[in-house]
Amino acid sequence: MQYVLGVDIGSSGMKLSFLGQDGSMLGPYGVELKTGFPAPGWAEQDPDDWYRALCSLLPRSLREAGLHGGDITAVAVDAATHTTVLLDADMRPVRDAIMWNDQRSAAVAEECAAAWGDEIYRRTYHAPSAMWSLCQMLWVRRQEPERWRRVRKLLFAKDYLRWRMGGRYVTDVIDAQGSMLLDMATMAWDPFLCGLAGLEPAWLPEILQPCDPAGAVSARCAEETGLPAGIPLYAGSSDTVMELLAVGAIHRGDATIKLATSGRICLITDRAWPDPLLVNYRHVVPGLWYPGTGTRSCATSLRWFKDCFCGADARAAAAAGESIYDVLDREAASVPAGAEGLLFHPYLLGEFTPYQDPNLRGSFTGISMKHTRAHFVRALMEGCAFSLLDCRGALERMGLAMPERFSIIGGGAAGTVWRQIVADGFQCVLSRPAYSDSSRGSAILAAVACGMFRDFEEAVSVCENPATEVLPRPAYGAFYRELFALYREVHDRLAELYPRLTALRPPAEAPTLHN
């Protein structure tokens, strides 16, 4: 049987999925990626780690799937938008890639908003913030002029990996939208915006549609990964739209809630909804868009908590063949709703919707002697759900109708307690598909692009994806509404303190005095 390959570059790891011509899916198979945090609010990855991860993961995944390289006939890659790889004349990265959730360019974004905010918004449908490539590149240009002088090309994360595999120097239209360098009306690079960034027209890749051919696997890549040389590489697109495709959200009115590195609500519409608190992208299905909100630190918050406070238990769980996240899920289940007065605000990297405030910081509020680690885990899950309720409120204020059912996706959706908290807080039915990884969506895109399926409608119908339902408990609706009101009030009272808190610096170390 012939298979296609979908590859996802995530914020914390790479995943691969194989899709057979009968609709069967193998995977996802994964490996962790290292993210560097060289300063508070910064996040970077080495672009060449992505290719090294592929060369390590793909041969192992083929073995585990019982496949041979020759079974693979096409490849598509996805990654998060906004992650730009700056390249020199020899196509080598001049620095690590600044991630979409990095906040270092917040001051630059404020300057852009003050000087050109209306013009940028008119052209891109978005307001400047630290997550956009335009602001990140302006930061590099100002703060790292030696590196900037070496820049001759730029690609986005998935495009750089595909180029290393043998791809052409191209991007797709949805990733281009995530750069804040594209005119949304013409879907072409905007000379004014590129001029602001200091980019020469020759530095910019050609813009393709996601299903367009974008190269072929090179002989070197074939040798290093086990793929057949010469099979097609397709343009691919963003991880978010590939998740929508993976769960079959390809019709107007479909909606998803995502518990992943970031938390996100996406609604499928037939037009863009320009607003400073939303991100607007085209869907891979012609004529559709997926405007969405975002909370910056969702499953990232739980991973941060695990890394900081659960080291020994994580090692013990791994030795027993269990995930530490399953352990934490059980702990959260042992604590009543509301975590007995403990609240968490997940602003570890500032916040996007609805505050657009990079100065916000995370907090646990209401700590007492009775609180255990289990209380902190429960409060963390509830705080991330409340942040998503903030996102829903923003959508409702814009006039977007909320559906009665959402697909819930992302790594955090694996937790039974977390899913139930979201269902109770939103008071809606959640459908959890068996397969929601964006690498599955990329595999579906590759299958449609190479002609394995006629179109996305046929692909989604053939690729079965059974789902389980999570029903809201009406008795918890009023309780969580009251707790959410307190959550918002705590935000309002603390928000002005965070810039003062983070601006404080200790005195220089005094010399040690000796008698």
Does [X] come within less than 4.0 Å of [Y], counting only side-chain N to carboxylate O?
{"X": "D48", "Y": "R92", "result": "no"}
{"X": "D172", "Y": "K158", "result": "yes"}
{"X": "K34", "Y": "D46", "result": "no"}
{"X": "D437", "Y": "K15", "result": "yes"}

[X]: ring-ring contact (aromatic ring centres under 6.0 Å, His included) partners, not counting sequence neighbours:
{"X": "F305", "value": "F309"}
{"X": "W139", "value": "W42"}
{"X": "Y160", "value": "none"}
{"X": "W100", "value": "none"}

Listing, residues 389-398 side-chain donor-acceptor contacts under 3.5 Å, not counting sequence neighbours, or none:
unit_1 : atom_1 : unit_2 : atom_2 : d
D390   : OD1    : R488   : NH1    : 2.2
D390   : OD2    : Y355   : OH     : 3.0
R392   : NH1    : F426   : O      : 3.0
R397   : NH1    : G393   : O      : 3.4

Q.
For P274, is there any backbone N or O sitting under 3.5 Å from a side-chain donor or acceptor partner on Y121?
A. yes
Q: Would you mind listing every side-chain hydrogen bond (donor to acceptor under 3.5 Å, both in side chains) that reaches into residues 104-114, with sequence neighbours excluded?
A: E44-R104, D102-R104, E111-R142
Q) CG/L181 to CD/Q177 distance, rounded to the nearest 0.5 angstrom? A) 12.0 Å
Q: Answer with yes or no whether the side chains of E32 and S12 bring together a donor and an acceptor at under 3.5 Å.
A: no
